[in-house]
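Taking it in order: structure first as structure tokens, then the write-up.
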Amino acid sequence: MTDLLHPPETPPGALARWRLGEGFLIRAAGRPADTVAALRSPLACAWAAEVMAAEEHRDRQGERLRGALEEAIARAPGDHRVALINLRRDVFNARRPRPATLGRAEPGLDAAVRELLDAWLAALDTLESALDRGPRALAEDTARAREHARAELADDELRSAVLLQSQVLERTMDRYLDPDRRFDKSARHLERTLLELLYRASLKTSPFSTLTSVGLGRFRDGAPGALPRPADLRKRATVRLNVAVLARLAAVVQADPRLRSDFRVTLAPGADTDGERMRYVRRRTTAGADPDAVVALDTVHEDLFFLPGGPVLRDVAGLTRDVSPTLRELSTALAAAHGEPDTAGTDRLLGHLLRLGFLIVPDLQVDLRSDDPAASFAAALAAQEPEPLREAARALERAREQVAAYSRTPARERARVLARVRAHVAECFAAVDADPALTPRTLLYEDTVFRGADADRAAFERALLGDLASLADLLAAFDLNLPRRLTAKGFFVARYGRGGRCDDVTRFCHEFQRDFFDPYLQRSMRRRAFDEGNNHVPQENWFRSAEIAALDRARQAIGTHVGELLARARPGTEEIRLGDDFTDLVRALLPPSTSTAQPWSFLVQVSAGADGEPGRAVVNQAYAGLTLMFSRFAHSLADQGAPDLVRRVLRGYAPDGAVLAELHGGYETTNLNIHPAVTDYEIVCPGDHSDRPADEQIPLSDLFLVHDADADRVRLVSRRLGREVVPVYLGYLMPMALPEVQQALLCFSPSGMARPDLWAGTGIPVPERGVTAYPRLVLGDLVLQRRMWKMHAADFPRRDPGRGDADFFLRVRRWRRDLGLPERVFAQIDNAAAGGGAAESEEPVQEEGGTRRSAGRKPLPVDFASWHSIQLLEQMVLAASSRIVLTEAFPDTDGLWLRDEHDRPHVSELLIELYDTGRDRHVR
């Protein structure tokens, strides 16, 4: 079994297999970490410590007195015994006796007992005197913290972020910032909202607006140290209009016969005859339905669609397959070819074909590879004859001018700029008689970057690469996408046989989705990965895949091994180290690689070590590599060389003889898919329009699928290129949020996502009540899981309605001490499956416009030394219907290495990529 005290050595095989990627990102919290230190309550903490010490002194005196009273009771005659028993009961309950009780007991007390009684009563007096000082201490701390909070919340950068998250909240900020306003219930609610934002801005990295900024770095020989040291963290903003405005405006124009007639149209990619029918993939977009959502993400679906054939439809296909006539020209040609006296009927037909997606309008497609998609869209509108389109273009240009001015505008004036943007967007929709409700609530997206710095490759490798390589070797056991990829291979082999080939990729995607993938996903999303006893439940292995069975065995062995370590650990153990026997066990059980090599990217927090070297590191997340996590910021980091870096990395990591080809992702309604063209090729899916040169486009119709029996994997191959094509998606939406065709294609792509929860599946269930502590889990010197405590919401202290804030503060401080909790933790509502493990399911998460769709899962920074922070935790607990998970703040604020130009520490993460050395081609 693993030695709990000594770290294992990194297996040489793991280190040889993996190398660091060329670049990395630094993600820095928007506010210095010490911003919230001044929100602590030092007087109240000292008072609570004094009270708890007085309680301990009272209890020690009481214990001595009770022992003496028991002896006195044994000696006392019957008429004194009852009085002594009543006095002992009062002492046991730490309750001051009534004078009558003391008077009746007095005759039964000798001098020694009287002395103990006096000492105990004096201890009560000391405690009561201390308790009386609590409200004043807490009030002084609260007033001081509130004054500091107001000063911090008046910061321009913070106010700018608040504006993009909630214009209502930004408008009400001044009510809180004004110390002369009455502090009522509404003000307290506003204070909690703003302070929660301030805590997150100081102690978390969430990439939106000014609350988190990013910088680009590179690993190179001879850099100053193993950790990058930016000269400053001054931010530069990139602000863009929400592309949902453009997509919704395009839908309105396309649906209006008056406005669309002079736009050029083309046949949907892949549309073709199928017997007597016309077959194509229909893409449907539905606007987000929740009017109150900060981000109303439109939904996109794709399905194989058939239209009845006939001469008119064949003519439509023939006239638009290789050329792009205007709708007016197409309608006129159709009417003439079929003897129609006018174009009324053909106009209606073409309108239906546009609505059904059989025809697409390239000029109304949003160019997500542009640094400013609104510019080309406005130009396309302005080039049309109808005056409403030109007016819409002029209004859109006015909106663009305001967007360009936004980042240069002082914070307190930005609300007016944003209002003008909204007014101009409203003018766009009004010009084309669109429903005003189509205007998205979130109009602007802001990313901020700073000038990064490089890190010494050799020094960083010595410090961290070995442990990260060992973890990368094990991540297949936790990869949520790998079972889907293996299942897709099983489906293909079952349908076409070993070594089989499918020449119709569109039909395969449709049949795979309809016949298998949809029910498979529905069942897997309902699946509980762990049973009531916290034992691993094997996945449904639809095609009896040996690889999926191996993944289940590996996952079960991990839980058993960790459970045994926990059972061996002494009570109060803070840390368990996983050794060579653990990594060897998992490696031996995992299936051999059967698909395109899987690179990994890690979000890692590194603590400050001695002499500026990296200390211990913590892995926060693991995702697919291939620069996926860089893409959102590539335009913003263009001056730091990000696009060229991404292109070089992708070109150099394509499998031998293969090319990487990007998928658009199907969504033109979210800024999360905006980034430069970084691959040599692009797969043009149904509903897409590409402006790239024709030789860089790979239509879906050019592809076929074949099972490589020797490698036992399915390859996607281009007929024109004669080469394997590896699809990659570089947007920020989770793969399961993409349209159906893209989901199917990504089953043949290295698109991993791992959420290692090593406490899940240990066979040790989490009790319904009480607080369960889990030690830190460490692989080598890499922290895989921080110390944590799980509890039901009812286990948190509750306020006594008859007592004040100081009493509740004291109860929470006492509760924290009794459980041995650190002073600072992160709290989160546990949405995991019963049994203690994080649910192994995938939830689409988008971070846009200052919010996340899964905001309830965001950890809340908690400082038990701060009364304000305790109140935020209380509100979370009151809103929770399930367990609460507390996780240690590790590294804590005293272990931060990143500092700004004022030498103030910042919470940070490094985004690091690892690549399989066996796949390197060294193409530059």
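In the model, H675 has a side-chain atom that pairs as donor or acceptor with a side-chain atom of E662 under 3.5 Å. A side-chain donor from one of E682 and S690 sits under 3.5 Å from a side-chain acceptor of the other. Q605 and R27 share no donor-acceptor pair across their side chains, judged by distance under 3.5 Å alone. Looking at R369 and N673, their side chains never bring a donor and an acceptor atom within 3.5 Å of each other. One side chain, T762 or N534, offers a donor N or O that lies under 3.5 Å from an acceptor on the other. A donor-acceptor contact closer than 3.5 angstrom is absent between the side chains of H510 and D515. A donor atom on one side chain and an acceptor atom on the other are not found under 3.5 Å apart for R720 and Q697.
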Problem set entry | Candidate pair D584 and R587, rule salt bridge (charged side-chain N to carboxylate O under 4.0 Å, His left out), full reasoning | CA-CA 5 Å; D584 292 344; R587 283 195 194 92; 3.6 Å; yes
For this session: Evaluate the salt bridge (charged side-chain N to carboxylate O under 4.0 Å, His left out) criterion for residues R883 and E768: first the C-alpha distance (whole Å), next the side-chain angles of each, then the deciding distance (0.1 Å), finally the verdict.
Result: CA-CA 9 Å; R883 286 194 300 265; E768 283 296 320; 5.2 Å; no
Exercise. Do Y681 and L660 pass the side chain to side chain contact (heavy atoms under 4.5 Å, CB included) test, and can you show the C-alpha distance, the side-chain angles, and the key distance before you say yes or no?
Worked result: CA-CA 7 Å; Y681 297 92; L660 301 185; over 6 Å; no
For this session: List the steps and the verdict of side chain to side chain contact (heavy atoms under 4.5 Å, CB included) for L745 and L663.
Result: CA-CA 9 Å; L745 291 176; L663 295 168; 3.7 Å; yes
Problem set entry | Check against salt bridge (charged side-chain N to carboxylate O under 4.0 Å, His left out), K489 and E547 | CA-CA 11 Å; K489 181 186 73 173; E547 293 117 323; 2.6 Å; yes
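Side-chain contact between Q785 and I576 is absent, with no heavy-atom pair separated by less than 4.5 Å. Residues L566 and P775 meet the side-chain proximity criterion, which asks for heavy atoms closer than 4.5 Å.
A pairwise comparison of heavy atoms in I558 and A477 identifies CD1-CB, 3.8 Å as the closest pair. Smallest separation of non-hydrogen atoms from R279 and F306: CG-CE2, 3.3 Å. In this structure, H707 and D712 approach most closely via the heavy-atom pair NE2-OD1, 3.0 Å. Here the closest heavy-atom approach between residue P739 and residue G666 is recorded as CG-CA, 3.8 Å. A pairwise comparison of heavy atoms in L626 and L730 identifies O-CD2, 3.3 Å as the closest pair. Looking at every heavy atom in both residues, A654 comes nearest to V659 through CB-CA, 4.4 Å.
In this structure, F219 and F24 have tilted ring planes: the angle between them lies in the 30° to 60° band. Aromatic ring orientation, Y653 versus Y915: perpendicular (interplanar angle above 60°, classes split at 30° and 60°).
Rounding to the nearest 0.5 Å places CH2 of W759 at 10.5 Å from NZ of K790. Atoms OH and CD1, on Y667 and I674 in that order, are 15.5 Å from each other to the nearest 0.5 Å. The structure places CG of L914 at 10.0 Å from CG of D473, a figure rounded to the nearest 0.5 Å. Atom CG in L471 sits 12.0 Å away from atom CG in L464 (nearest 0.5 Å). Atom CD1 of residue I548 and atom CG of residue L486 lie 5.0 Å apart, to the nearest 0.5 angstrom. Here L304 contributes atom CG and C509 contributes atom SG; the two are 10.0 Å apart, rounded to the nearest 0.5 Å.
Looking at Q743, its side chain does come within 3.5 Å of a backbone N or O of L738 through a donor-acceptor pair. No donor-acceptor distance shorter than 3.5 angstrom exists from the side chain of Y729 to the backbone of L628, with no hydrogens or angles considered. With R719 contributing its side chain and L703 its backbone, the two residues share a donor-acceptor pair below 3.5 Å. Listed for the R577 side chain is a donor-acceptor partner under 3.5 Å among the backbone atoms of G780. Under the 3.5 Å distance criterion, the side-chain polar atoms of N541 are matched with a main-chain donor or acceptor of S545. A distance-only check finds no donor-acceptor pair linking the side chain of Y280 to the backbone of T273 [under 3.5 Å]. With S718 contributing its side chain and L721 its backbone, the two residues share a donor-acceptor pair below 3.5 Å. A donor-acceptor pair under 3.5 Å links the side-chain atoms of N481 to the main chain of S751, judged by distance alone. Proximity of a side-chain donor or acceptor of R555 to a complementary backbone N or O of P538 within less than 3.5 Å is not detected. The closest donor-acceptor contact from the side chain of H536 to the backbone of Q556 lies at 3.5 Å or more, if one exists at all.
Of the candidates L475, D479, D916, Q598 forms a side-chain contact (heavy atoms from CB on, under 4.5 Å) with just one, namely D479. Checked options F512, Y496, W542; the residue passing with F491 is F512 (criterion: ring pair (Phe, Tyr, Trp, His ring centres under 6.0 Å)). Checking each of V619, L468, T583 against L779 for a side-chain contact (heavy atoms from CB on, under 4.5 Å) leaves exactly one that passes, namely T583.
You'll find the ring centres of F602 and Y623 outside the 6.0 Å limit.
In this structure, R715 pairs ionically with D708, as a charged nitrogen and a carboxylate oxygen lie closer than 4.0 Å. A salt bridge does not link R283 to D303: none of the charged nitrogens lies less than 4.0 Å from a carboxylate oxygen. Salt-bridge annotation for R19 and E461: absent, with no side-chain N of the basic residue lying under 4.0 Å from a carboxylate O of the acidic one. In summary, D503 and R501 engage in a salt bridge, as defined by a charged side-chain N under 4.0 Å from a carboxylate O. The existence of a salt bridge linking R284 and E302 is excluded, since no basic side-chain nitrogen approaches an acidic carboxylate oxygen closer than 4.0 Å.
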